[in-house]
Amino acid sequence: MRMRPTLSWTPPEDLPPGTTDPEPVADALSTGGVLVLSGAGISTESGIPDYRGEGGSLSRHTPMTYQDFTGSAQARRRYWARSHLGWRTFGRARPNAGHRAVAAFGRHDLLSGVITQNVDGLHQSAGSQDVVELHGSLARVVCLACGVLSPRSELARRLEEANPGFDPVAAGINPDGDADLTDVQVGDFQVVPCTSCGGILKPDVVFFGETVPPRRVEHCRELVRESASLLVLGSSLTVMSGLRFVRQAAEAGKPVLIVNREPTRGDRHAFTRVALSLGAALTTVAERLGIAVDGQAAV
């Protein structure tokens, strides 16, 4: 499956309106078998901006494409300089109330699985198990020549050694983990090769224009087939890689529930869209279900 480099989507005027009542989400969770599909919006309260919401990074930043990264040494230099700086902030992000609520639902056996479009690892940090990282993880690096995987922390150390004193001030951090830097700030940043074969290193994430591994896609499709309902959290569903699972669920007659402040490309397929922030909405749902979040008793 190739990710379409769709960077924007304009909601039509006739979309069904959202609601501020999270009760349908609580009802779905109370019966169990809920498959979660999360997007960048669930991580905004952890300090990681989303792409398309209010103040989203697409207003100032075009994500790296696979074609640019593989076809240009200068593009790789620019990417790794920005990503190296962004990782210092991105890697320190911590789970917020939304991530912790999802983990709590999982501990109470209300979920059939979690698929995330995010590359930040915050669901796992919050305690969610067996998370499918649809677009990979920034915590890993892969060699495009020999396929060897290595920890991002190891690459960060090597880049620090190769670029002593590199510490520009970024204009912002983006959902793909890189920082907003000018070409002047990037300067002559030194990129390091694979230690095994000398090949090109790439974060183990799916860039725009790149193919999501077919086995991963099929695993997600199987999770949809096995679920009772699909709960979308913080995704505009602009990119087809997530929208296709919403369509699959709807075509199979499974309820689709969306929690996202803004309209989404999947609203026509949804039973409801709750137009609330993720942390507040999911904390309210947990309280209604009598589920403890953060180790505290629900009231």
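Just so you know, these numbers come straight off a predicted model, no measurement behind them.
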Q: Please work out whether the ring planes of H123 and H99 are parallel, tilted or perpendicular, with thresholds of 30° and 60°.
A: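 H123 and H99: perpendicular rings.
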How long is the straight-line distance from [atom2] of [Y] back to [atom1] of [X], given to the nearest 0.5 Å?
X    : Y    : atom1 : atom2 : result
H219 : R221 : NE2   : CZ    : 13.5 Å
Q124 : S137 : CD    : OG    : 7.0 Å
L231 : L111 : CG    : CG    : 8.0 Å
T116 : H135 : OG1   : NE2   : 9.0 Å
R78  : T182 : CZ    : OG1   : 11.0 Å
L276 : T283 : CG    : OG1   : 11.0 Å

What I'd like to find out is whether the side chain of [X] reaches to under 4.5 Å of the side chain of [Y], using heavy atoms alone.
X    : Y    : result
L289 : S30  : yes
M240 : R265 : yes
F189 : H84  : yes
C143 : C197 : yes
M64  : S83  : no
P263 : R273 : yes
L122 : I48  : yes
L85  : D167 : yes

Q | Verdict with supporting geometry, V191 and Y79, side-chain contact (heavy atoms from CB on, under 4.5 Å) | A | CA-CA 10 Å; V191 177; Y79 174 82; over 6 Å; no
Treating [X] as the side-chain partner and [Y] as the backbone partner, does any N or O pair qualify as donor plus acceptor under 3.5 Å?
X    : Y    : result
R140 : L138 : no
N96  : T44  : no
T70  : Y66  : yes
N118 : G39  : yes
Q67  : G209 : yes
S43  : S46  : no
E45  : G98  : no
R261 : A275 : no

Q. S227 and side chain to side chain contact (heavy atoms under 4.5 Å, CB included): which partner among V36, L35, V34?
A.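 Testing each of V36, L35, V34 against S227, the sole residue satisfying side chain to side chain contact (heavy atoms under 4.5 Å, CB included) is L35.
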Q) Which residue, L233, V232, T272, forms the side chain to side chain contact (heavy atoms under 4.5 Å, CB included) with I258? A)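 Exactly one option meets the side chain to side chain contact (heavy atoms under 4.5 Å, CB included) with I258, and it is V232.
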**Q.** salt_bridge(R225, E218) N-O dist < 4.0 Å
**A.**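 So R225 pairs with E218 through a salt bridge.
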Q) Should E154 and R158 count as an ion pair when the cut-off is N to O under 4.0 Å? A)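 The answer is no: the pair does not qualify as a salt bridge.
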Q) Would V293 and L282 satisfy side-chain contact (heavy atoms from CB on, under 4.5 Å), going step by step from the backbone distance to the final call? A) CA-CA 10 Å; V293 177; L282 295 184; over 6 Å; no
Q. Does the side-chain contact (heavy atoms from CB on, under 4.5 Å) test come out yes or no for R77 and Q190, once each step is laid out?
A. CA-CA 7 Å; R77 180 194 305 273; Q190 298 299 304; 3.8 Å; yes
Same cluster for [X] and [Y] if Ile/Leu/Val/Met/Phe/Trp/Tyr side chains link at under 4.5 Å?
X    : Y    : value
L181 : L159 : yes
V148 : L201 : no
V142 : F207 : no

Q: Could you list the residues that satisfy side chain to side chain donor-acceptor pair (under 3.5 Å) with S277, not counting sequence neighbours?
A: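 Testing S277 for side chain to side chain donor-acceptor pair (under 3.5 Å), a comparison that skips the adjacent residues, returns none.
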Q.
I'd like to know whether W80 forms a side-chain contact (heavy atoms from CB on, under 4.5 Å) with W87, so could you lay out the CA-CA distance, the side-chain angles of the two residues, the decisive distance to 0.1 Å, and finally the verdict.
A. CA-CA 10 Å; W80 279 120; W87 177 251; over 6 Å; no
Q: Verify the neighbour count for atom CZ of F166: are there more than 12 heavy atoms of other residues, nucleotides or ligands below 6.0 Å?
A: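 Above 12, so yes.
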Q) Do other residues, nucleotides or ligands put more than 12 heavy atoms under 6.0 Å from the CD atom of E160? A)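 For E160, atom CD is crowded (more than 12 foreign heavy atoms under 6.0 Å).
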**Q.** Audit row: S241, R216, side chain to side chain donor-acceptor pair (under 3.5 Å) steps and yes/no
**A.** CA-CA 11 Å; S241 63; R216 192 179 302 167; over 6 Å; no
Q.
Between D267 and T264, does the side chain to side chain donor-acceptor pair (under 3.5 Å) criterion hold? Intermediate values first, please.
A. CA-CA 5 Å; D267 283 8; T264 82; 2.6 Å; yes
